[in-house]
Amino acid sequence: MKQAQQKTVKRERELELLTQLVHAGERLPQLPGTPVATPVYTTTTYSYDTMAEVDRVFAGDQPGYAYSRFGNPTVSALEAAMQTLERGAGACAYGSGMAAIHASLLACDLTPGAIVLAAQDLYGTTTNLLHTVFGKLGVQTVMVDFGDVEQLEAIARQVRPRALIAETISNPLLKVCDIEACAEVAHGVGARLIIDNTFASPYLCQPLRFGADIVAHSATKYLSGHGDATGGVAVARDEETMEGLTQARNLIGGVLSVWEAHEILRGVKTLGVRLDRQCANARQLAEQLARHPRVARVYHPGLGIKGKNCQLASRMLRAPHTGALVSIELRENTKAAAYRFMDALQLCVRLTSLGDVVTCVLHPVTASHRNIPPAHRQQIGITDSLVRISVGIEDLGDIIADIEQALQAV
Ligand code: PLP
């Protein structure tokens, strides 16, 4: 089998060893044969045979890569996968989920005086981003209960927002968003709807199909799935919004590393099989915990078949799944009780993340919602003993046994 060889350029004289050290082996001609897995392109920039080609690439008249902040084949492969999975006009990857959310908000033309309607139980850092970074730029955020669509519509008509933002499944109370109704509200006042689809992933929900304009992901969670990559992706419904997402990436520069893109793309391949098992485990765990004497409340979209949340789950999420998260409030509703329970766990891991193959627990008051004022936390139902469980792919009996023994410590 013949392999690629250095292009022979006629030279006046043989290159010196020092020069060969720099150039030998690089920029070999591409031979036919498509790699089965996308290679990790660690290059920052790209060369062309002629300046005329460079000119065409920069002008956008010829497809091609110029500089890795503007595009890289490994990152593009992940973007192409996400565009397909979310059924969008295009996708843009970023260095983290927060960078993807930041770019999504920027793509909604948030100039001074603009108003954002935000779901009151958004991930705490998203709320902080809106209040601090966008607040300082003169963008006002109004927190609203997106579960009450009539009220949402009334407020939207009154304040004429430029963007609405919610999560498919809220954190940590796991309320499912009626994306269809929220999109109608947004479009009725000429606003865009951003949906953070981190908790559902495109395997459980594709928000653009329900009318959302931008889908944002923390790829750090289910998409990657193994706790070893940090990243984010935003997918746009139309070309114009896509331009906003690309501009945010190119100008602010919060690009995804090629190594993370590779890990996340690999994770995406097993998303379906992981989530099939995680969701089945979560549903059974939720049902079991609902009967536990030391547990006061269990939050899981699959519980209470006649309830609004369960019905929304069956409309928005891929049947028969209802997500892979379960939140519990202990009967002794104190932070100390939550800590005793969490400290006693031997298998389930105390982690500030979710969506990994391992079952992990998080205390929202200490971690994700730490910077939310206590009064606001209480108002939206995030109490001191609330613990969020991200259910993994382990044997269900082992997960239940560990949680039950830890509940004895409460
Ligand atoms: N969105 C949700 C729902 C999250 O839970 C998180 C992080 O936990 C983020 C966004 C932010 O993602 P990242 O940590 O990748 O920036």
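Model, not experiment: these values are computed from the prediction. Read the numbers this way: they start at 1 and go in the same order the structure lists the ligands and their atoms. These numbers come from the heavy atoms of this one structure, side chains and all, not from hydrogens, waters or symmetry mates.
Remark: Arg274 is not positioned above the aromatic ring of Tyr222, lacking an NZ or CZ atom under 6.0 angstrom from the ring centre and at most 45 degrees off the axis.
The closest donor-acceptor contact from the side chain of Arg388 to the backbone of Leu362 lies at 3.5 Å or more, if one exists at all. At least one donor-acceptor pair under 3.5 Å links the side chain of Arg294 to the backbone N or O of Gln408.
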Ligand-protein N/O pairs under 3.5 Å (ligand 1):
from, atom 1, to, atom 2, distance (Å)
ligand 1, 1 (N), Asp196, OD2, 2.6
ligand 1, 8 (O), Lys221, NZ, 3.0
ligand 1, 12 (O), Ser218, OG, 3.0
ligand 1, 15 (O), Gly97, N, 2.9
ligand 1, 15 (O), Ser218, OG, 2.8
ligand 1, 15 (O), Thr220, OG1, 2.7
ligand 1, 16 (O), Gly97, N, 3.0
ligand 1, 16 (O), Met98, N, 2.9

Go through the steps to decide whether His23 and Glu26 satisfy the test side-chain contact (heavy atoms from CB on, under 4.5 Å), and finish with yes or no.
CA-CA 6 Å; His23 291 276; Glu26 291 291 7; 5.9 Å; no
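A tilted orientation is assigned to the rings of Tyr203 and His321, their planes being inclined by 30° to 60°.
When ring centroids are compared, Tyr123 and His369 stay outside the 6.0 Å threshold.
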